[in-house]
Amino acid sequence: MDERNVRARSASLSPAAGVISPSETVAKLIDVSSCIGCKACEVACQEWNDLPPAETRPSFGSYQTLPDLEPNFWQVIKFNEVERDSRFFWNMTKYQCMHCVDPGCLRACPAPGAIVQLKNGIVGFVYENCIGCGFCITGCPFDVPRLSPSTGKVYKCTLCSDRVSAGLEPACIKACPTNCLHFGTKEQLVRIATTRVNELKMDGYESAAIYDPEGVGGAQVFYVLPNGEQPEEYGLPRDPAISLAVLLWKQPLKWLGGLLMAGGVLAAFTHYLRFGRKDVEINELSQRERAEPVDES
Amino acid sequence: MSREERIQRFSFAERIMHWIVGLTFVYVMLSGLALFSPHLYWLAYLLGGGTTIVRWHPIVGLLFFIALIWMFATWLRDMKIDREDVDWIKRVGQYIRHHEGDLPDAGRFNAGQKGLFWVQGVTGVLLVASGIPLWFPHHFPQWSRLVSILVHEIAALAAIGAFIVHIYMGTAVVRGSLSAMITGTVSAAWARFHHPRWYRKVESEKVSE
């Protein structure tokens, strides 16, 4: 990978090489209101990324392909069944990596350069650097990365960074027959999303809204939700954010810990310079001089 | 009594036990520190690479914990904190300045050693309990892993702090303790000076034999 295309790099002591030149970010908009749950995007994703079709599972009470994301299944249309005002809603919602502006996975990753954020905003895993510790799974507020037991590496949607770098749109977007998936710059897509939200409001979906969580600095993948007040109805977390635990772990605890360890070693060394070792012979002598009984024998 | 006289301080089994605990601790400490900070990631290369340490850290950690249980079974009786220990802790400043004269006589282990034992015990339990969710992230809820990350790191730092003091005392300050943990014996003078109560007990047992 060309490091000049990298905006942020996990566990690295210096800024990524691409920081010197800004560039536009790409984004994916998912308009839930026009998704028909055809799963063409799932098929396109499996096909483009050369992932084997997942094994058929025993029935788990849903029309969705698999219950959840898997190491070789990077996006799933969740068939959320919701009852609201005694009406039934079948909220088909595409779910995959959100490509956060402030990625929790990248913050949590301890392996230098195993997770990178490209200048175009795509968050990617670099397999030669991934050590399979799984911290990214804990750092992700969306529960997206999946550790493969067979390879010991973590997998997720790449936003087809290979296609995007060649000027193509991601496979899922190419396959979508209803145009509920859009690809472009974030700015363009926000305009489209705003128009769509207004349309939905006029259609009677008064709580229609854009889902672009601020807790992760916004995301390259964002949604138009007909009922934006209840993201849970779409299988999306309400107010996802970088966890306080991750922030504490990666900032103050690192400094405190380093200070403690370096301080401990320095204190020991200073103690030795000042007081030296405990000398049994000298101490025995001085104790005898003070005529104190050394022992009772 | 001759100054050359050697007293048995640690049995062969105790020494094996101690070194299993010690060496496994050093491995989990170094491999853990590699992931603690990017400044220390070079330790991963030293230990065979990131993938290798990720695989072995939890396994060696379990070995450490099993050996720690063995240690508890062996030393718990000698590690009970008594009244002299409380008094000793209160005057730890004198111990630090090598004024042992006014300190209460230590038994087989002094209050500092007992402190290390209990710190390692408590942090050992915390480290294993918090390590398992991090080992199998897909089998535990996220909140438990987030708590675990903090617990694991704080417990590890406490254990490393105690470890630094232990290594410094055992090798630099109290000469003869490292060899005691290798050969199993100490000189009578060493025993009388560092662990008078224990020395008297050993001697009285000798007489009664």
Side-chain angles (χ1 to χ4, degrees), chain A residues 10-13 108 110-112 114 129-141 143 145-147 149 152-153 243-246 248-249 253-258 260-261 263-265 267-269 271-272 274-284 286-287 290 292 294-297, chain B residues 1 3 33-41 44 49-55 57 95-98 100-101 133-138 142-143 145-150 153-154 156-158 160-161 163-165 167-169 172-176 187 189-190 192-194 196 199-200 203-204 207:
Chain A
S10 61
S12 299
L13 300 171
N129 296 332
C130 173
I131 59 176
C133 67
F135 286 177
C136 53
I137 301 162
T138 299
C140 174
D143 186 29
R146 290 291 182 272
L147 186 62
K153 306 273 180 192
S243 160
L244 182 65
V246 173
L248 282 175
W249 167 43
L253 267 178
K254 295 277 171 269
W255 290 106
L256 213 70
L260 234 101
M261 288 187 287
V265 172
F269 186 60
H271 178 265
Y272 198 75
R274 173 66 184 81
F275 296 106
R277 64 194 171 106
K278 290 191 185 292
D279 200 315
V280 174
E281 314 270 307
I282 292 171
N283 273 284
E284 282 223 308
S286 71
Q287 289 196 357
R290 276 186 280 162
E292 280 175 14
V294 172
D295 60 53
E296 288 145 353
S297 61
Chain B
M1 151 205 333
R3 184 145 283 159
L33 285 175
L35 305 188
F36 169 73
S37 161
H39 292 275
L40 297 172
Y41 195 75
T51 318
T52 308
I53 61 167
V54 163
R55 177 155 309 160
H57 177 91
Y95 182 79
I96 290 170
R97 287 190 291 273
H98 303 339
E100 337 286 312
L134 298 175
W135 194 2
F136 303 105
H138 289 317
Q142 185 171 35
W143 67 264
R145 284 179 273 125
L146 288 167
V147 171
S148 292
I149 275 180
L150 291 181
E153 190 148 309
I154 291 166
L157 287 170
I160 291 171
F163 171 81
I164 291 171
V165 177
I167 297 300
Y168 172 59
M169 295 303 295
V173 177
V174 183
R175 296 294 164 96
S187 72
W190 188 98
R192 207 160 45 229
F193 179 72
H194 290 295
Y199 173 72
R200 290 196 294 271
E203 287 301 295
S204 67
V207 172

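Below, chain A is the first sequence line, B the second, and so on; all start at residue 1. Hydrogens, waters and symmetry mates are skipped; everything else that's a heavy atom, side chains included, is used.
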*Quick one: of Leu150(B), Val165(B), Thr52(B), who has the most non-hydrogen atom pairs under 4.5 Å with chain A?*
Leu150(B)

_Proximity breakdown for Pro149(A) and chain B, heavy-atom pairs closer than 4.5 Å_ = neither

_Using the side chain to side chain donor-acceptor pair (under 3.5 Å) criterion, which residues pair with Gln142(B)? Sequence neighbours excluded._
none

*Give the C-alpha distance, both sets of side-chain angles, the deciding distance and a yes or no for side chain to side chain contact (heavy atoms under 4.5 Å, CB included) between Val173(B) and His98(B).*
CA-CA 10 Å; Val173(B) 177; His98(B) 303 339; 3.8 Å; yes

_Counting heavy-atom pairs closer than 4.5 Å to chain B, which one of Gly134(A), Ala268(A), Pro110(A) comes out on top?_
Ala268(A)

*Output the option from Leu146(B), Leu40(B), Val147(B) having the highest count of non-hydrogen pairs under 4.5 Å with chain A.*
Leu146(B)

*Which one, Phe163(B), Tyr95(B), Trp135(B), leads in non-hydrogen pairs under 4.5 Å with chain A?*
Tyr95(B)

*Identify the heavy atoms of Ala11(A) and Pro38(B) that sit nearest to each other, and give their distance.*
O-CB, 3.3 Å

_Contact class of Ile96(B) relative to chain A, heavy atoms under 4.5 angstrom_ = both

*Mind running side chain to side chain contact (heavy atoms under 4.5 Å, CB included) on Arg277(A) and Tyr272(A) for me, showing each step along the way?*
CA-CA 7 Å; Arg277(A) 64 194 171 106; Tyr272(A) 198 75; 4.0 Å; yes

_Among the listed options His138(B), Met169(B), His194(B), His57(B), the residue most often paired with chain A at heavy-atom distances under 4.5 Å_ = His138(B)

_Engaged part of Ile53(B) at the chain A interface, taking heavy atoms whose separation is under 4.5 Å_ = neither

*Among Val174(B), Leu35(B), Ile149(B), Thr51(B), which residue forms the greatest number of heavy-atom pairs with chain A at distances under 4.5 Å?*
Ile149(B)

*asked:* Between Ser243(A) and chain B, with a heavy-atom cut-off of 4.5 Å, which part of the residue counts as in contact: side chain, backbone, both or neither?
replied: side chain

*Give a yes or no on this: more than 12 heavy atoms of other residues, nucleotides or ligands lie within 6.0 Å of atom CZ of Phe269(A).*
no

*So which part of Tyr168(B) gets closer than 4.5 Å to some heavy atom of chain A, the side chain, the backbone, both or neither?*
side chain

*How close do Val54(B) and Gly132(A) get, heavy atom to heavy atom, and via which atoms?*
CG1-O, 3.7 Å

*Search all heavy atoms of Pro196(B) against all heavy atoms of Arg192(B) and return the closest pair with its distance.*
CG-O, 3.4 Å

_Minimum heavy-atom distance between Ile137(A) and Pro137(B), given as atom pair plus value_ = CD1-CG, 3.8 Å

*asked:* Please classify the contact between Arg274(A) and chain B as side chain, backbone, both or neither, with a heavy-atom cut-off of under 4.5 Å.
replied: neither

